[in-house]
Amino acid sequence: MDVFLWILVAAVLAVAEIFTATLFLIMFSAGALAAAAVAALGAPVPLQAGVFVAVSALTIVAIRPVLRRHRSRPGPVGMGAETMYGAAAVVVERVDAGHGMVKIDGELWQARSLEDSVTYSPGERVAIVEIRGGVAVVWHDGLPEAIDP
């Protein structure tokens with residue numbers, strides 16, 4: 001009976017952690033799971049409570065700071081098309097204001113020139129300025145020409 005009670009406490013604390021996201025309640029959940037393991041071995045209730053307190057305190061002191069440091073690391077700068085802004089591309093088909101094709105990280109993309117009067121020939125390197133409806137808007141990036149389009 002004690003085992004199920006400790007497992008229930010661990011589950012309730014883990015679910016509550018989802019709503020707080022403080023990495024505090026999950027440490028008590030770990031303590032409750034340890035107490036459940038001790039209860040499964042037939043330990044008396046005072047020992048179960050002692051294990052719960054000891055494991056909870058140990059995880060708060062030892063593991064929580066590591067988890068918080070890991071969570072505070074900066075993530076990616078952008079998502080999706082935002083990550084492509086400024087990336088280099090190689091012109092595969094002539095690019096002008098109306099049509100064209102570039103290769104970005106090995107993938108072929110439709111492309112348009114940022115300026116109506118500027119065109120790019122196959123093999124030239126360009127920079128991605130914007131993504132409009134799945135079409136890369138490009139501008140000359142000043143890098144040497146690519147060898148393999």
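Since the model is a prediction, treat every value here as computed from it, not as a measurement.
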Qualifying residues under salt bridge (Lys or Arg N to Asp or Glu O under 4.0 Å), relative to E115, sequence neighbours excluded: none
Heavy-atom pair with the smallest gap, counting every atom of E17 and I26: OE1-N, 3.2 Å
Min side-chain heavy-atom separation V102-V92 under 4.5 Å: no
N/O donor-acceptor pair under 3.5 Å between Q110 side chain and A136 backbone: no
Partner residues of A16 under the side chain to side chain contact (heavy atoms under 4.5 Å, CB included) criterion, sequence neighbours left out: L25
Remaining members of hydrophobic cluster (4.5 Å side-chain criterion), V15: F19
Exam field: side chain E124 to backbone S121, donor-acceptor pair closer than 3.5 Å: yes
Any side-chain heavy-atom pair of W109 and V135 under 4.5 Å: no
Partner residues of L114 under the side chain to side chain contact (heavy atoms under 4.5 Å, CB included) criterion, sequence neighbours left out: V129, R132, V137, W139
L23 side, atom CG; T59 side, atom OG1 - distance, nearest 0.5 Å: 11.0 Å
Residue pairs passing the side-chain hydrogen bond (donor to acceptor under 3.5 Å, both in side chains) test where at least one lies in residues 36-46, sequence neighbours excluded: none
Any pair counted as salt bridge (charged side-chain N to carboxylate O under 4.0 Å, His left out), so long as it reaches residues 90-100, sequence neighbours left out: R94-D96
hydrophobic_cluster_shared for V118 and V95, side chain cutoff 4.5 Å: yes
Hydrophobic cluster (4.5 angstrom, side-chain heavy atoms) - remaining members for I7: V3
With sequence neighbours excluded, residues passing side chain to side chain contact (heavy atoms under 4.5 Å, CB included) with I60: F24, M27, F28
Just list the side-chain donor-acceptor pairs under 3.5 Å for residues 32-55, sequence neighbours left out, or say none.
| residue | atom | partner | partner atom | Å |
| --- | --- | --- | --- | --- |
| Q48 | OE1 | W6 | NE1 | 2.7 |
| Q48 | NE2 | D2 | OD2 | 3.4 |
| Q48 | NE2 | A43 | O | 2.7 |

Nearest heavy-atom neighbours spanning I128 and A89: CD1-CB, 3.9 Å
Co-members of the apolar cluster containing L8 [side chain, <4.5 Å]: V12
Backbone of T119 reached by a side-chain donor or acceptor of S113 within 3.5 Å: no
A97 versus D116, closest heavy-atom pair with distance: CB-OD1, 3.4 Å
